[in-house]
Amino acid sequence: MKLNNETLSQLTVATPTYDRSQISVGIVHFGVGGFHRAHQAYYIDKLLEQGKAQEWGICGVGVLPHDAKMRDALTAQDGLYTLILVNPDGTRDVRVIGSIVDYKFAPDDPDAVIELLAAPSTRIVELTITEGGYNIGDADESSVFGLVTAALERRRDRGVPSFTIVSCDNIEGNGHVAQQAFTDFADKHHPGLSKWMAEHTTFPNSMVDRITPVTTPDVIETLAEQDGVEDRWPVVAEPFTSWALEDHFVDGRPPYEDVGVLTVDDVTPYELMKLRLLNAGHQGLCYFAHLMGYRLVADACSDPLIADFLIRYWDSEATPTLLPVPGIDLPDFKRTAIERFANPGVRDTVARLCADSSDRIPKWLVPVIRKNLDNDGDVRLSAAIVASWARYAEGVDEQGEPIEVVDQLKDQLIPLARSQKDNPLAFIENTALFGDLAQQPRFVEAYTWALDSLHRDGAKATLESLRDE
């Protein structure tokens, strides 16, 4: 049965019990992909089920050409979609989410998006625009930066309070990064606006966590066959979810704490924990795993050699760089992370983790390396992760088969990687990604050993050597 408002009452899976017609838009979200629909929209749906947050419905906004597909899917389904949580034992929890009540594709009518953002009812603007989405170098008036700053200018001129801008991307200090990007854009295109923003607009930092793989055709087919729901774009995710959010909102917020969100004064300890353990752990797994022939994350993490490598990286190199994390049992977090990675039902792909590495390694792993170099800490395993990326970026696996390197800098990275047999430091001499790491003797020694081992003996033997040290 096709998913939409009319068929909702006829479905056999869990559906919203609240009246969606009574929900007004209070949150505008840029970048409506799988993660947003498994995370932020999920939390609002839970609040709505409690009879709360009726003024905090979500309007999604897409700005890129490929967002037209999401527009078409959500418009046909009245904003409804199915969230499928896959448990480690293979069972599934299926629910239709109703918190997205509108969607606008900005290229269709940019001014309509600006007016939506300028409306007093819009009190929060959220972003999941990927780690690389905060570079304003090529941004224009039709970008998220252009639309948001134009709306802020209208709010200022009309005497309307500012909204709060919440980045939900995996960047250390994501709120600060967003503030800098929007301020810089305002300075270039709206003289005088940044001063008003500094006084009226807040950018709380946040930490978000839920493994959400790409939706594959078999997910859509299984949902239709087993559950009778014809959904153009369902979402699969793990049961685990977490959100830590700084409580710095200028015009109110939903009662997030009622659905398990940690509202805190300082999110830094939580985001460092997540980025340097979970996210950097994904990078520690993916290149070695691909070179060893694994294509699913669960299969790779079930290999004791890979699991042991991750645990040792977390314990010996990542954890010493963290701040105390109130209310979190770090040993339990790390144990649970291995279990999450190994969940066979999620079917997360190694390829997804390998993509866009130039946006990820510098933000998630390089800070760990720098901290340990400064504090005379160990960098051997971190260096091996960087070396595994450099080997992977050559674009050819250990059997001579091509690797599809997905990265916005691939035209630059692949030639560098392929030149490293003649110049072992070629890859890390890219100062835009690694700074001065190629001039740090302790790092260079560990990196060149790992890269040589990967070339000479392969990924498996390299992990075995690291294990046996």
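Checked against side chain to side chain donor-acceptor pair (under 3.5 Å), Y103 has no partners two or more places apart in sequence or in another chain. Y294 pairs by the ring pair (Phe, Tyr, Trp, His ring centres under 6.0 Å) definition with nothing, not counting sequence neighbours. Residues satisfying the side chain to side chain donor-acceptor pair (under 3.5 Å) criterion with D356, sequence neighbours excluded, are absent altogether. Legend: residues meeting side chain to side chain donor-acceptor pair (under 3.5 Å) with Y287, ordered by chain and number and at least two apart, are Q283, S357. Qualifying side chain to side chain contact (heavy atoms under 4.5 Å, CB included) partners for N87, counting only residues two or more places apart in sequence or in other chains: D89, T91, D93, P239. E257 is linked by a side chain to side chain donor-acceptor pair (under 3.5 Å) to R253, counting only residues two or more places apart in sequence or in another chain.
Here the straight-line distance linking atom CG of N170 with atom NE2 of H282 works out to 10.0 Å at 0.5 Å rounding. Put simply, CZ on F185 and CG on L193 are 10.5 Å apart, with the number rounded to the nearest 0.5 Å. With values rounded to the nearest 0.5 angstrom, I44 atom CD1 is found 7.0 Å from I124 atom CD1. With rounding to the nearest 0.5 Å, the separation of CG in L223 from CD1 in I84 is 4.5 Å.
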Apply side-chain contact (heavy atoms from CB on, under 4.5 Å) to the pair R92 and D227, showing each step before the final yes or no.
CA-CA 11 Å; R92 300 153 65 250; D227 305 289; 2.6 Å; yes

Could you go through L433 and W389, starting from their C-alpha distance and side-chain angles, then the distance that decides it, and tell me whether this counts as side-chain contact (heavy atoms from CB on, under 4.5 Å)?
CA-CA 13 Å; L433 299 180; W389 175 30; 3.9 Å; yes

As a quick check of understanding, evaluate side-chain contact (heavy atoms from CB on, under 4.5 Å) for V28 and F163, giving each step before the final call.
CA-CA 10 Å; V28 174; F163 43 64; over 6 Å; no

Determine, step by step, whether E153 and R156 satisfy the salt bridge (Lys or Arg N to Asp or Glu O under 4.0 Å) criterion, reporting the C-alpha distance in whole Å, the side-chain angles of both residues, the deciding distance to 0.1 Å, and the verdict.
CA-CA 5 Å; E153 186 170 58; R156 179 198 64 184; 3.8 Å; yes

Begin with the C-alpha distance, continue with both residues' side-chain angles, and end with the deciding distance and a verdict on salt bridge (Lys or Arg N to Asp or Glu O under 4.0 Å) for D169 and K363.
CA-CA 11 Å; D169 285 298; K363 295 179 175 71; over 6 Å; no

Could you go through the side-chain contact (heavy atoms from CB on, under 4.5 Å) check for V166 and Q40 one step at a time?
CA-CA 11 Å; V166 183; Q40 298 92 30; over 6 Å; no

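Within the structure, every pair that satisfies the side-chain hydrogen bond (donor to acceptor under 3.5 Å, both in side chains) test and touches residues 58-75, not counting sequence neighbours, is listed here: R71-D108. Listed by first then second residue, pairs satisfying salt bridge (Lys or Arg N to Asp or Glu O under 4.0 Å) with a partner in residues 177-202 read K195-E199, not counting sequence neighbours. Screening residues 245-277 for ring-ring contact (aromatic ring centres under 6.0 Å, His included), with sequence neighbours left out, gives W243-Y256. Screening residues 16-37 for ring-ring contact (aromatic ring centres under 6.0 Å, His included) gives H29-H36, F35-H39 as the qualifying pairs, with residues at least two apart or on separate chains. Within the structure, salt bridge (Lys or Arg N to Asp or Glu O under 4.0 Å) pairs that include any residue of residues 276-296 comprise E172-R276 (at least two apart or interchain). The ring-ring contact (aromatic ring centres under 6.0 Å, His included) contacts involving residues 108-145 comprise F145-F182, where partners must be two or more places apart or lie in separate chains.
Across all non-hydrogen atoms, the minimal contact from S382 to L365 is O-CD2, 3.7 Å. Contact detail for V350 and A289: the closest heavy-atom pair is CG2-CB, 4.2 Å. Of all heavy-atom pairs spanning K334 and L277, the tightest one is CG-CD1, 4.1 Å. The shortest non-hydrogen separation linking A307 to I338 is O-CD1, 4.2 Å. Shortest non-hydrogen contact noted between S167 and S206 is O-OG, 2.6 Å. Heavy-atom minimum distance, I414 versus E394: CG2-O, 4.1 Å.
Side-chain atoms of T128 never come within 3.5 Å of backbone atoms of C168 as a donor-acceptor pair (strictly under, hydrogens ignored). No donor-acceptor pair closer than 3.5 Å links the side chain of W196 to the backbone N or O of L152. Under a 3.5 Å cut-off, the side chain of T215 and the backbone N or O of P234 do form a donor-acceptor pair. Between the side chain of T241 and the main chain of R210, no donor-acceptor pair closer than 3.5 Å is present. In this structure a side-chain-to-backbone donor-acceptor pair under 3.5 Å is missing from T183 to Q180. A donor-acceptor distance shorter than 3.5 angstrom exists from the side chain of T7 to the backbone of K2, with no hydrogens or angles considered. Using a distance-only test at 3.5 Å, with no hydrogens or angles considered, a donor-acceptor pair links the side chain of E238 to the main chain of I211. Side-chain atoms of S419 come within 3.5 Å of backbone atoms of L416 as a donor-acceptor pair (strictly under, hydrogens ignored). In terms of modelled atom types and a separation under 3.5 Å, the side chain of R123 and the main chain of W56 share no donor-acceptor contact. Distance alone, capped at 3.5 Å, is enough to place a donor-acceptor pair between the R37 side chain and the W233 backbone.
Residues L278 and R340 form a side-chain contact, since some pair of their non-hydrogen atoms from C-beta on lies under 4.5 Å apart. Side-chain contact between Q226 and V94 is absent, with no heavy-atom pair separated by less than 4.5 Å. Contact of the D231 side chain with the V96 side chain is not registered, since no non-hydrogen atoms from C-beta on lie closer than 4.5 Å. Contact check for S242 versus M207: side-chain heavy atoms found under the 4.5 Å cut-off. Counting heavy atoms from C-beta on, the side chains of F288 and L291 never come closer than 4.5 Å. In this structure, Q54 and S24 have side chains that are not in contact, with every pair of non-hydrogen atoms separated by 4.5 Å or more. Side-chain contact check for L330 versus W314: every heavy-atom pair is 4.5 Å or farther apart. A heavy-atom distance below 4.5 Å is not found between the side chains of V250 and P161.
Electrostatic pairing of R20 and D78 does not count as a salt bridge here, judged by no charged N lying under 4.0 Å from a carboxylate O. D111 and R154 are joined by a salt bridge, as a carboxylate oxygen and a charged side-chain nitrogen come within less than 4.0 angstrom of each other. Using a cutoff of 4.0 Å between basic side-chain nitrogens and carboxylate oxygens, E271 and K274 are not scored as salt-bridged.
Across E246, H176, M197, a single residue satisfies side chain to side chain contact (heavy atoms under 4.5 Å, CB included) together with F203, and that is M197. Considering V208, N205, L127 in turn, N205 is the only one that fulfils the side chain to side chain contact (heavy atoms under 4.5 Å, CB included) rule with N174.
A donor and an acceptor atom, one from each side chain of S121 and E55, are nowhere located under 3.5 Å apart. At a cut-off of 3.5 Å, with distance as the only test, no side-chain donor of H290 or D397 sits close to an acceptor on the other residue.
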